[in-house]
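Following: one structure in structure tokens, then a few remarks.
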Amino acid sequence: PTGPAVDLAGLRGVLRSALAQGAPGAMVRVEDRGTVFRAAAGVADRGSARAMDDTDRFRIGSVTKTFTAVVLLQLVDEKKLTLDAPVNRYLPGLLPDDRITVRQVLGHRSGLYDYTNDMFARTVPGFEAVRKRVFTPEELVKLSLRKPRTSAPGAVYSYSNTNFVIAGMLVEKLTGNPVRTEYQNRIIAPLKLNDTFYVHPGTKIPGRYARGYLTPDQAGAPLVDATEQTVSWAQGAGALISSTRDLNTFLSALLRGRLTSAAQLAQMEKWLPSSGTGQAYGLGLRRRDLSCGVSVYGHTGAVQGFYTYAFASKDGKRTLAAVANTSNNGTVLTTMLRTLDPAFCGKATK
Ligand SMILES: CC1(C)S[C@@H]2[C@H](NC(=O)CCCC[C@H](NC(=O)C[NH3+])C(=O)[O-])C(=O)N2[C@H]1C(=O)[O-]
């Protein structure tokens, strides 16, 4: 059985809502066993008023975390890394607590404080202060360690970008290469993800792309074009660029077991409760349980100017990638979540 029909009209309705709520543009691409369903609304660029298109590249924010986790789990397959080993075994002296393990870092259970809470407490000033900055990962970890930890290691789920900055450091230490090389050689090239790039610390999105617009905290204030930035504040936690079609390909390959061994995919899918009902987190991977009883697997992303949803069915045969080119607009973020039901549950139950 191929599952419920994709409700394209329902997807279009969600995109229209996102526009009404302040997104300049939004688009969604669903692939189901080779059949592509796509919808787009609004503009990729407010200056030219050009429509959004699924060949447009954009910043995927924390969907990067799934790519970073895949590289580390491949290193586990290669016996170069042990998930339950302390981070300090591989990065001596980095963390003040030898009990913090690689698994806790990849599952947001390390207790390490998220430095972006302070960095972006004031949305536009915070962004402009770091837009062109280049950080070393060590600097970002130091920012985190200035604040108390949120829990003892392993005690609870607490989302923190710090964890995936450390995950990127582990990739570089264990391979001797920059994360860019490892993304390229292990994921991008094998899957022919021609729209996927790690250009940090460059600020330009290569080729054809959607511009991203940051919504200021002050109601009614004009949108800020946030397209050009280094995303050095995120690195392995959020600096990848991709497209809806590449995210479809990536998640399908991951869930079909083409990127790691079955054993490591099972590790990624060892679910623990995360924030909110019907949600769980594994290792760099979210599970969301939909109203129709279907669970989907992937990640969300929020980076200045872009909200991304990238999810797949358990067997990887149906995938969704959706993006709106605004951020700091919680209504749009919640609305874009509503693409999941029409994509995976089909017609809304009457
Ligand atoms: C948990 C999330 C939603 S937030 C986290 C990460 N993004 C960030 O940590 C950046 C947050 C600041 C971005 C900014 N917001 C502010 O400045 C607010 N003052 C905006 O909206 O552009 C990502 O991506 N993750 C999403 C995820 O994993 O789903």
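As the structure lists them, so they are numbered: ligands from 1, and atoms in each ligand from 1.
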For Val156, which fellow cluster members are found when Ile, Leu, Val, Met, Phe, Trp and Tyr are connected by side-chain heavy-atom distances below 4.5 angstrom, either directly or through intermediates? none
Could you tell me whether Asn161 and ligand 1 have an N or O pair separated by under 3.5 Å? yes
Residue portion contacting ligand 1 (non-hydrogen atoms closer than 4.0 Å) for Phe127: neither
Could you tell me whether some N/O pair between Phe120 and ligand 1 is separated by less than 3.5 angstrom? yes
May I ask you to check whether Asp114 has an N/O atom sitting below 3.5 Å from an N/O atom of ligand 1? no
Would Ser62 count as being in polar contact with ligand 1, using the rule that some N or O on each side must be under 3.5 angstrom apart? yes
List the steps, then state whether side-chain contact (heavy atoms from CB on, under 4.5 Å) holds for Arg103 with Leu283. CA-CA 7 Å; Arg103 186 189 299 276; Leu283 301 180; 3.9 Å; yes
Is the closest side-chain donor-acceptor distance between Lys270 and Tyr281 under 3.5 Å? no
Do Asp114 and Thr162 have side-chain atoms, one donor and one acceptor, less than 3.5 Å apart? no
Run the numbers on Val231 and Arg59 for side-chain contact (heavy atoms from CB on, under 4.5 Å), then give the verdict. CA-CA 9 Å; Val231 204; Arg59 299 188 190 282; 3.6 Å; yes
List the atom of Thr68, the atom of Ala167, and the distance in Å for their closest heavy-atom pair. CG2-CB, 3.8 Å
Provide, to 0.1 Å, the distance between atom 15 (N) of ligand 1 and the closest protein heavy atom, together with that atom's residue and name. Asn328 OD1, 4.1 Å
Pair Asp118, Tyr113: side-chain N/O donor-acceptor within cut-off below 3.5 Å: yes
ILVMFWY cluster membership beyond Phe127 - transitive side-chain contacts under 4.5 angstrom: Val124, Leu214, Val224
Leu333, any N or O under 3.5 Å of ligand 1 N or O: no
Heavy atom of Met119, distance to ligand 1 below 4.0 Å: no
Polar side chain donor-acceptor pair, Ser243 to Asp195, under 3.5 angstrom: yes
With a 4.0 Å cut-off on heavy atoms, is Gly301 in contact with ligand 1? yes
Measure the distance from atom 28 (O) of ligand 1 to every protein heavy atom, then report the residue, atom name and distance (to 0.1 Å) of the closest one. Tyr159 OH, 2.8 Å
In this structure, does ligand 1 have an atom that sits under 4.0 Å from one of the heavy atoms of Trp233? yes
Would you call Arg122 a ligand 1 contact, heavy-atom distance under 4.0 Å? no
Between Thr123 and ligand 1, does any nitrogen or oxygen pair lie at a separation below 3.5 Å? yes
What about Arg286: any of its N or O atoms under 3.5 Å from an N or O on ligand 1? yes
At under 4.0 Å between heavy atoms, which part of Thr215 makes contact with ligand 1: side chain, backbone, both or neither? neither
Using 4.0 Å as the upper bound for N to carboxylate O, is an ion pair formed by Asp225 and Arg211? yes
